[in-house]
Amino acid sequence: MTHAPTLMKLDALAAGKSGTVVHIAPTVPGQLDDGVDLARRLMELGFVPGERIRMLKRGLPGGDPLAIKVGNATFALRRFEAAHISIQPE
């Protein structure tokens with residue numbers, strides 16, 4: 001029996017954990033504007049399907065911003081930005 005891969009949003013990944021980008025969604029539930037520009041920006045930064053990422057650290061309090069390593073670069077994203085990125089955790 002095969003299992004479907006477990007997907008999660010990047011904003012839910014725990015600090016110190018890694019995963020692979022699967023999809024960038026232009027909109028997320030509850031968002032008022034269309035996030036096409038944000039999705040494009042995230043892809044330009046390197047958040048593209050198949051790319052390995054690592055959650056380095058979460059800010060305190062509230063977990064904002066998130067420090068995320070993509071390739072050889074490190075980026076700070078807000079949780080609402082990271083919610084656009086679907087990943088498969090390792």
Side-chain angles (χ1 to χ4, degrees):
M1 180 175 182
T2 60
H3 294 278
T6 304
L7 297 182
M8 65 187 296
K9 298 295 185 178
L10 178 56
D11 65 326
L13 189 66
K17 301 294 182 179
S18 298
T20 303
V21 175
V22 175
H23 176 73
I24 309 294
T27 60
V28 293
Q31 184 180 5
L32 298 177
D33 63 343
D34 122 19
V36 172
D37 290 336
L38 176 58
R40 182 178 303 120
R41 179 180 151 257
L42 291 169
M43 291 180 74
E44 288 171 351
L45 291 174
F47 293 91
V48 294
E51 187 67 39
R52 189 168 182 273
I53 56 93
R54 181 170 179 83
M55 177 72 71
L56 299 177
K57 192 166 184 166
R58 293 174 165 273
L60 294 175
D64 238 354
L66 309 172
I68 303 164
K69 186 168 184 79
V70 179
N72 292 324
T74 301
F75 296 99
L77 295 181
R78 296 288 182 187
R79 286 177 41 205
F80 81 89
E81 296 169 322
H84 286 267
I85 304 169
S86 295
I87 64 162
Q88 179 169 352
E90 294 180 349

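In what follows, every heavy atom counts, from backbone to side chain, and hydrogens, waters and symmetry copies are set aside.
- The only member of R54, R52, K17 that meets side chain to side chain contact (heavy atoms under 4.5 Å, CB included) when paired with E90 is R52.
- Here the CZ atom belonging to R78 is positioned 13.5 Å from the CG atom belonging to D11, to the nearest 0.5 angstrom.
- Within the 4.5 Å cutoff, the side chain of V70 has no heavy atoms near those of the L45 side chain.
- In terms of heavy-atom proximity, A39 sits nearest to A25 at CB-O, 4.2 Å.
- Annotation: side chain of L10 is in contact with side chain of M55 (closest heavy-atom distance under 4.5 Å).
- To the nearest 0.5 Å, atoms OG1 (T20) and CG (L7) are separated by 10.5 Å.
- For the pair M8/S86, no side-chain contact is recorded, criterion being any heavy-atom separation below 4.5 Å from C-beta on.
- The structure places OG of S18 at 8.5 Å from CG of L56, a figure rounded to the nearest 0.5 Å.
- Proximity of a side-chain donor or acceptor of D64 to a complementary backbone N or O of R79 within less than 3.5 Å is detected.
- The two atoms that bring P89 and L13 nearest to each other are CB-CD1, 4.4 Å, heavy atoms only.
- Within the model, atoms NZ of K57 and OG1 of T74 stand 13.0 Å from one another, a figure rounded to the nearest 0.5 Å.
- Closest heavy-atom contact between E81 and L42: O-CD1, 3.7 Å.
- A donor-acceptor pair is defined here as one N or O able to donate and one able to accept, closer than 3.5 Å; no such pair exists between the side chain of E51 and the backbone of V48.
- Residues I87 and V21 approach most closely at CG2-CA, 4.1 Å, considering heavy atoms.
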